[in-house]
Every structure is written in C-alpha cells, then in structure tokens.
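Down below is the structure, laid out as structure tokens.
Position 1 is the first residue of the sequence, and the numbers go up from there. Atoms considered below: every heavy atom in the structure, side chains included; atoms not considered: hydrogens, waters and symmetry mates. Remember, predicted model here, so these are calculated numbers, not experimental data.
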Amino acid sequence: MIKKFLAPVTFFVCFALSAGNEARGNLLKNNERLDPTELQSNVCIVVTGILEKYHLRKSLINDSLSSLIFDRYLESLDNNKLYFLKSDVKQLEKYRFALDDAFITGNLQPAFEIYNLFQERFNAWNQYAVQLTGKSFDFDRNESFQFNRESAAWPATTEDLNDIWRKTVKSQYLSLKLTGISDEEIKKKLKDRFEKLASSNDQIISDDVFQMYMNVFTESFDPHTNYFLPITSDNFMIGMSQSLEGIGARLQTENEYTKVVEIIPGGPAFKSKLIFANDRIVGVAQGETGQWVDVIGWRIDEVVKLIRGPKETRVRLQVLKRDAMPGSKPEEILLVRDKVKIEEQAPRKEVITLHRGNKHYKIGVISVLSFYLDFEGEQQGDPDFKSTTKDVKKLIAELKLEKVDGIIIDLRNNGGGSLAEAINLTGLFIPDGPVVQIKNATGSIEIQKDEDKDLYYDGPLGILINRFSA
C-alpha cells in the first residue's frame, strides 16, 4: 500500500508489506534468541529497492548511511545507555560499515545479533534491578544521579553499570517515598514495576525486531518514511478511516489477561449488554462452531486479531466478569461483528465570546485533530464514509446557524493524515485553485488543486498552529 499522506515537513510513504506470520506467537523467553525469517529477508530487499529507486531524497545506500543506521539502531535499543557496556559496542562495531550491503542482500543477521545481545543484557540488568528493590537505601549519602544519559558515554565496566542501576532504583524509591507510602509498599511497587517490564519484554517477537530495524532504516532516509507490519498498517488505517469492523471494545493486557477497558457506544458489544468494562476475555472462537482458543498470556495484538473480523461474521468469547470470584467459570457470549465508528479524532466545535470595547463577538472554534479519510468507504461509494472535511462542513453549518462573527480552525498538535483530505478541507474556504505541489523522485512537480468551486465559508477566518502541526 502506497498512499500520499501529510506529515510535518514532508510527505511520507507507508509500506505495509507483509513480513508473514512465521514468527508470530513465538515469544521470547528468558535467554532464547530471535532469528529473522526468509520472508522478512525478502521484504527487506523489496523495501531497500523501493527506497533506492523511488524516494525523493535519492540517498545513497553506502557506508555513510550504514554508520548512521548503526548509531540509530543502538540508540533505539538503549537510548539512555542502561544496558550495553562500552565493550559490547566495541564488539558490534564490526557492523558499522556493513549494514548497507546487508540491506541490499536482505541479510538481517547483523540486526538480530545486535538485538539478541541487547536482550541478554536487558534480562541481566532487569533481574539485578528486581534484587535491588528488596534492599534499603542510604539517603544521607551525598551523591548525584544523571537522569538523562543520552549524551553520556557507554559504561566502561560492569561495576559502573551496577552503580548506575543502583542509583536508578534508588531514585525511583525516593520518588515513591516522597508520596508518603510505607517502605514495604515501595518495595512491592518497584518489584512489580520491573517484573512487568520483564513480562512485557518477553512478549517481543521476530516481527517486532524487524519492524524496529526497518524503521531505523527508512527514517534514516527521511523522518516521515515508515515501514508498517500488516497489523500496524491495519491500526493506522483504522485511525485514518475512524472506523473498524469488530465488536467495538478497547482492550489492554493486565496480569496475563485481556481486559476490556471501554465499550464503544453503538457497537455490537454495547448493543449486546453482555460484556462490560473491566471484564476479562480468556477465550475466543470463530463462528458458532469454531474451536476455542485460550488467550491467557497472549499479546494484546494477537487477541485483537482473533476478535476483529468482517462485518456480519460471528465471534464467541469466554468472559470472566469483572466481579467474578477466583476459580469462577467464564461466561460464553456470541457477538455479531459490525462496522464501528470511532469518534475520538472527530473535529469538535465550541463558541467563545470576546469583548472588545463595547462590542461582543461570537467566535466559533473548530479543533481539527487529524486529517482522516475512510479510503475504502469512499471508493465503495458508502454515503456515510468518514472524512475530516465532511465533519468540518457540518460544524461550519452549525456555527452559521449560531451566527458567529468569525471562525478559528485550530490545527495545533495536528500531526497530519490524508493529503487529499487536507486539500479538500482547504477547499471549504476557497472557491477553487491550487493548494499544494508534490515533487516526485524524477523531479517532476504535480499540482494538487481544490476542484470544488463552492465556497462554504467566506467570513473572518483564523488558523491556529504550533510546531506539532503538519
């Protein structure tokens, strides 16, 4: 999938090339190694070819780029220098000028060797941190602690890193102590914190490493060029379309369980009155006769993949109710999937009154959080497809009825989205004409225009932006 999107500074291309399901479900436990798959290697070759041939910047895939990727990859793994030793980095230096050739040939072994060494160090230092949580600290001792270590040197010895971790845990201990809770509670909280970190890290799979490494590569070309795994692409498109096909429930992992965080109004789960916030899903089955899959201990994205599905298909869930006693038998419920609209990114309006001298002005403020567009719904001719422009147009009509004296479009913190939608939204305030130019890899320039000659608002208009606006 390659579409035009709007982002700060430049446009970016999203690659949703599948890295396959070979590695999915194979979780990293303790000191097990992760290895790349053949399909990931093939995808690496394809993405490298696309960037080399079609990316606007025409960056050379050479030793200079390799060195940049090497530094950024280490930074993405250990940006605060809490795991790698100086000797580890020296050992890995053999790859500094070799990654360019590795990308061209699809050789992912260097990336996974670096990651596996990081994982080994992470497990060791996290276990050390857990041990430290059971100790008492001397707060009368005069010593300093560097919170941000991004610009610090790599620790030279194990003893140096031991001391950094001691101060890290001591700092967190002190922060909790200042809240007034007891020492025993502090020790328990810290122990739980590091154990949860370890549990979360145990959920890492080969695809996660591949996506992180490929993003370091693509962002070295341009900060707004990204590689998406299929599941990441699906979630991105859900955000763009402001809708999904499923049961309409937000989920998160809590103590090995998949917990319902929120039921989305209007969705199948909401209408069923069978499942509620804080219920826990322990099993999933497809259709009315599919076999049950126990999902306790599963990654949240894997559980979501089982529960989502095409509109009008059925899914069965085993649910432990929020007030269920330990050992209770889960309830079984059947839900029919449907299209669920997500309203959290929808534009919002408010009317504020300003006083200037003896005059009062009513100003309508429309907050536009992103430029979303349901590409599929638009292509299929769905009259109810979601788009920023359609929603803003409705808000403008409402503000006109309220007889506002002017409108402000608030684009602060709007990180972008569909370029076509940004152009259409601009078109609400101009009769027609050019809006933006796009330059491609061959140097040719394409002018994108507002084709709609209608002017939906021609009164006083202000635009609010900040450094996070696309």
Problem - side chain to side chain donor-acceptor pair (under 3.5 Å) evaluation trace for Gln131 with Gln127 - result: CA-CA 6 Å; Gln131 294 174 17; Gln127 289 171 15; 5.8 Å; no
Practice task
I would like to know whether Phe84 and Phe122 meet ring pair (Phe, Tyr, Trp, His ring centres under 6.0 Å); could you show each step before the answer?
Solution key: CA-CA 8 Å; Phe84 284 133; Phe122 174 90; over 10 Å; no
Exercise for the section: Test Glu219 against Asn226 for side chain to side chain donor-acceptor pair (under 3.5 Å), laying out the working first. Expected result: CA-CA 6 Å; Glu219 289 171 6; Asn226 302 99; 3.1 Å; yes
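Looking at residues two or more places apart in sequence or on another chain, you find a salt bridge (charged side-chain N to carboxylate O under 4.0 Å, His left out) between Asp71 and Arg96. Under the rule for a salt bridge (charged side-chain N to carboxylate O under 4.0 Å, His left out), the partners of Lys321 that lie at least two apart in sequence or sit in another chain are Asp279. The side-chain contact (heavy atoms from CB on, under 4.5 Å) check on Lys341 picks up Glu343, Asp384, Lys386, with sequence neighbours excluded. Scored by the side chain to side chain donor-acceptor pair (under 3.5 Å) test, Tyr372 finds Asp391 as partners (sequence neighbours excluded). Every residue was checked against the side chain to side chain donor-acceptor pair (under 3.5 Å) condition with Asp382, not counting sequence neighbours, and none meets it. Contacts of Pro36 classified as side-chain contact (heavy atoms from CB on, under 4.5 Å), with partners at least two apart in sequence or in another chain: Gln40, Leu108, Gln109, Phe112. Applying the side chain to side chain donor-acceptor pair (under 3.5 Å) criterion to Glu52, with sequence neighbours excluded, gives no partner residue. Under the rule for a side chain to side chain donor-acceptor pair (under 3.5 Å), the partners of Thr232 that lie at least two apart in sequence or sit in another chain are Gln211. In this structure Glu350 satisfies the salt bridge (charged side-chain N to carboxylate O under 4.0 Å, His left out) test with no other residue, sequence neighbours excluded.
If you take OG on Ser220 and OH on Tyr73, they are separated by 12.5 Å, rounding to the nearest 0.5 Å.
Figure legend: cation-pi geometry between Lys86 and Trp154 absent, as NZ or CZ is not positioned both under 6.0 Å from the six-membered ring centre and within 45° of its axis.
In this structure, the side chain of Ser206 engages the main chain of Asp35 through a donor-acceptor pair within 3.5 Å. Between the side chain of Ser67 and the main chain of Asp63, no donor-acceptor pair closer than 3.5 Å is present. Using a distance-only test at 3.5 Å, with no hydrogens or angles considered, no donor-acceptor pair links the side chain of Glu451 to the main chain of Gly433. The main-chain N or O of Leu197 is never found under 3.5 Å from a side-chain atom of Asn126 such that the two would form a donor-acceptor pair. Looking at Ser469, its side chain does come within 3.5 Å of a backbone N or O of Leu411 through a donor-acceptor pair.
Aromatic ring orientation, Phe221 versus Phe217: perpendicular (interplanar angle above 60°, classes split at 30° and 60°). Using cut-offs of 30° and 60° for the angle between ring planes, the Trp125 and Tyr128 rings count as perpendicular.
Taking a cutoff of 4.0 Å between a charged side-chain nitrogen and a carboxylate oxygen, Glu398 and Lys394 do not qualify as a salt bridge. Remark: Asp192 engages Lys188 in a salt bridge, criterion side-chain N to carboxylate O under 4.0 Å. At a threshold of 4.0 Å, the pair Asp301-Arg308 does not count as salt-bridged, since none of the basic side-chain nitrogens sits closer than that to a carboxylate oxygen. A salt bridge links Asp88 with Arg121: the closest approach of a Lys/Arg side-chain nitrogen to an acidic carboxylate oxygen falls below 4.0 angstrom.
Taking a 6.0 Å sphere around NZ of Lys390, one finds it holds more than 12 heavy atoms contributed by other residues, nucleotides or ligands.
Residue pairs that meet the salt bridge (charged side-chain N to carboxylate O under 4.0 Å, His left out) test with at least one member in residues 238-252, sequence neighbours left out, are Arg250-Glu262, Arg250-Glu344. Pairs passing the side-chain hydrogen bond (donor to acceptor under 3.5 Å, both in side chains) check and including a residue from residues 267-276, sequence neighbours excluded, do not occur.
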Side-chain donor-acceptor contacts of residues 326-333 below 3.5 Å, not counting sequence neighbours, with atom names and distances?
unit_1	atom_1	unit_2	atom_2	d
Ser328	OG	Met325	N	3.0
Ser328	OG	Met325	O	2.5

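Side-chain rings of Trp165 and Tyr83 approach one another, their centers coming within less than 6.0 Å. In summary, the aromatic rings of Tyr95 and Phe70 are positioned with their centroids too far apart to meet the 6.0 Å limit.
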